[in-house]
Amino acid sequence: MPYVNIKITREGATAEQKAALIQGVTVLLRDTLGKNPQTTVVVIDEVDTDNWGIGGESVTVRRKRGS
């Protein structure tokens with residue numbers, strides 16, 4: 001049973017976009033590895049930009065600075 005965890009920043013991904021990610025990953029696993037879509041689990045975690053850091057800074061700070 002494949003388990004895929006997608007982490008994205010919480011910035012307004014729509015339900016339709018998330019559904020497309022779930023469907024796309026499921027199809028990719030089926031087509032590439034022969035995995036059964038009925039047993040493929042896809043979880044999307046949305047993380048606040050204050051809780052996501054790159055290079056010692058939060059994404060919030062980096063975006064305010066324009067990085």
Side-chain angles (χ1 to χ4, degrees):
M1 171 174 71
Y3 176 90
V4 178
N5 184 218
I6 299 171
K7 294 186 183 278
I8 59 175
T9 54
R10 182 170 301 166
E11 297 179 277
T14 66
E16 292 80 15
Q17 289 170 321
K18 290 184 266 187
L21 284 171
I22 292 167
Q23 178 65 25
V25 168
T26 302
V27 168
L28 180 66
L29 285 168
R30 181 198 67 201
D31 294 350
T32 305
L33 299 176
K35 298 300 182 181
N36 181 352
Q38 298 304 313
T39 61
T40 297
V41 176
V42 180
V43 175
I44 299 173
D45 290 326
E46 293 182 278
V47 180
D48 289 327
T49 58
D50 286 343
N51 298 331
W52 192 303
I54 302 169
E57 305 179 293
S58 73
V59 170
T60 304
V61 169
R62 290 173 67 91
R63 293 210 176 133
K64 284 180 184 174
R65 197 179 68 245
S67 298

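- Counting non-hydrogen atoms of other residues, nucleotides and ligands closer than 6.0 Å to NZ of Lys18 gives a total above 12.
- For the pair Gly12 and Gln17, the tightest heavy-atom approach, listed with the atom from each and the gap, is O-OE1, 4.1 Å.
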Just list the side-chain donor-acceptor pairs under 3.5 Å for residues 21-34, sequence neighbours left out, or say none.
from: Thr26; atom 1: OG1; to: Ile22; atom 2: O; distance (Å): 2.7
from: Thr32; atom 1: OG1; to: Leu28; atom 2: O; distance (Å): 2.9

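- Judged purely by atom type and a 3.5 angstrom limit, Asp48 has no side-chain atom pairing as donor or acceptor with the backbone of Asp50.
- Thr9 is listed as a side-chain neighbour of Arg63, based on a closest heavy-atom distance under 4.5 Å.
- Minimum interatomic distance between Thr39 and Met1 (heavy atoms only, all atoms of both residues): O-CG, 2.7 Å.
- Between Val43 and Val41, the shortest heavy-atom distance links the atoms CG2-CG1, 4.1 Å.
- When all heavy atoms are compared, the tightest approach of Ile8 to Ala13 is CD1-CB, 3.9 Å.
- For the atom pair CZ of Arg62 and OG1 of Thr60, the computed distance is 11.5 Å after rounding to the nearest 0.5 Å.
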